[in-house]
Amino acid sequence: MFFKKKQNDKKEKIIISFTQKLGMVCLRSLKEYIIKNKITRCYIIIPSSPHPNVINYAENVNQIKIVIAPDLKQEIGKIKKLYPGSRIEIINLEDFSERNMMRDAI
């Protein structure tokens with residue numbers, strides 16, 4: 001019996017995430033996801049600067065980089081060009097993990 005090796009395991013895993021407002025809940029969930037899925041780099045694209053505590057927390061997680069930009073599509077294109085051979089996943093943080101569950105508790 002022959003087993004094929006998964007080819008995707010050798011590629012870097014990159015996340016491009018976006019949201020209108022970035023908070024600690026998003027970052028905690030994202031940090032757990034990064035560790036669990038062995039993500040190499042995570043870019044968070046937001047239109048305006050978050051609270052300084054959020055920036056400090058993000059700086060302590062090596063894989064996370066916050067990008068402040070009004071044009072989401074343009075930034076996604078730039079990031080994809082930086083990692084041509086990598087596996088890239090795009091995540092809307094408003095529908096991601098703890099933040100989404102908090103909104104469901106109406």
Side-chain angles (χ1 to χ4, degrees):
M1 184 182 268
F2 295 101
F3 295 99
K4 286 186 174 180
K5 289 184 180 180
K6 289 186 178 180
Q7 297 298 326
N8 292 339
D9 291 342
K10 294 180 181 179
K11 292 183 178 181
E12 284 184 312
K13 296 178 186 176
I14 309 295
I15 292 178
I16 300 173
S17 55
F18 60 94
T19 186
Q20 290 298 313
K21 301 222 179 222
L22 183 63
M24 297 297 282
V25 174
C26 290
L27 289 179
R28 280 194 307 243
S29 298
L30 202 53
K31 181 180 176 183
E32 290 174 13
Y33 185 81
I34 288 169
I35 292 169
K36 181 180 176 185
N37 294 301
K38 299 176 184 172
I39 304 298
T40 306
R41 194 78 165 145
C42 175
Y43 291 90
I44 303 172
I45 303 171
I46 53 176
S48 60
S49 184
H51 191 275
N53 290 344
V54 174
I55 294 171
N56 290 337
Y57 186 85
E59 287 175 351
N60 290 327
V61 181
N62 295 333
Q63 294 91 343
I64 294 178
K65 181 174 183 197
I66 297 175
V67 178
I68 300 168
D71 189 2
L72 177 66
K73 288 183 180 181
Q74 183 180 8
E75 288 301 316
I76 289 175
K78 287 180 185 177
I79 294 168
K80 283 184 175 181
K81 287 180 184 177
L82 293 174
Y83 302 96
S86 300
R87 195 172 120 209
I88 297 176
E89 183 178 350
I90 299 174
I91 296 174
N92 182 351
L93 287 180
E94 293 177 3
D95 298 330
F96 186 72
S97 200
E98 275 184 64
R99 185 172 179 181
N100 190 31
M101 286 186 267
M102 288 177 153
R103 289 189 301 166
D104 286 345
I106 294 175

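If you read the sequence from its start, that first residue is 1, and numbering goes on from there.
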Quiz item: Are Leu30 and Ile39 side-chain neighbours, meaning at least one heavy-atom pair lies under 4.5 Å?
Solution: no
Quiz prompt | Interatomic spacing from CD1 in Ile88 to NZ in Lys11 - rounded to 0.5 Å | solution = 10.0 Å
Quiz item: Just by modelled atom types, is the Glu94 backbone N or O under 3.5 Å from a matching donor or acceptor in the Asn92 side chain?
Solution: yes
Self-check item: Nearest atoms (heavy-atom pairs only) where Ser48 meets Ile46
Solution: O-CD1, 3.2 Å
Quiz item: ring pair (Phe, Tyr, Trp, His ring centres under 6.0 Å) with Tyr33: which residues, sequence neighbours excluded?
Solution: Phe96
Practice problem: Measure the shortest side-chain to side-chain distance between Leu93 and Ser29 over non-hydrogen atoms and say whether it is less than 4.5 angstrom. | Solution: no
Quiz prompt | Joint cluster assignment, Ile35 & Met24, ILVMFWY side-chain distance < 4.5 Å | solution = no
Self-check item: Candidate list Ile91, Ile44, Ile45, test side-chain contact (heavy atoms from CB on, under 4.5 Å), partner Ile16, passing option
Solution: Ile45
Quiz item: How many angstroms lie between CD1 in Ile55 and CG in Leu27, if you round to the nearest 0.5 Å?
Solution: 10.0 Å
Quiz item: Atom CG of Asn37 and atom SG of Cys42: how far apart are they, to the nearest 0.5 Å?
Solution: 11.5 Å
Identify all side-chain donor-acceptor contacts of residues 59-76 below 3.5 Å with residues at least two apart in sequence or on another chain.
from, atom 1, to, atom 2, distance (Å)
Asn60, ND2, Asn56, O, 3.3
Glu75, OE2, Lys78, NZ, 3.4

Exercise. Give the intermediate values and the outcome of side-chain contact (heavy atoms from CB on, under 4.5 Å) for residues Val54 and Lys21.
Key: CA-CA 11 Å; Val54 174; Lys21 301 222 179 222; over 6 Å; no
Exercise. With sequence neighbours excluded, tell me which residues meet side chain to side chain donor-acceptor pair (under 3.5 Å) with Tyr43.
Key: Tyr83
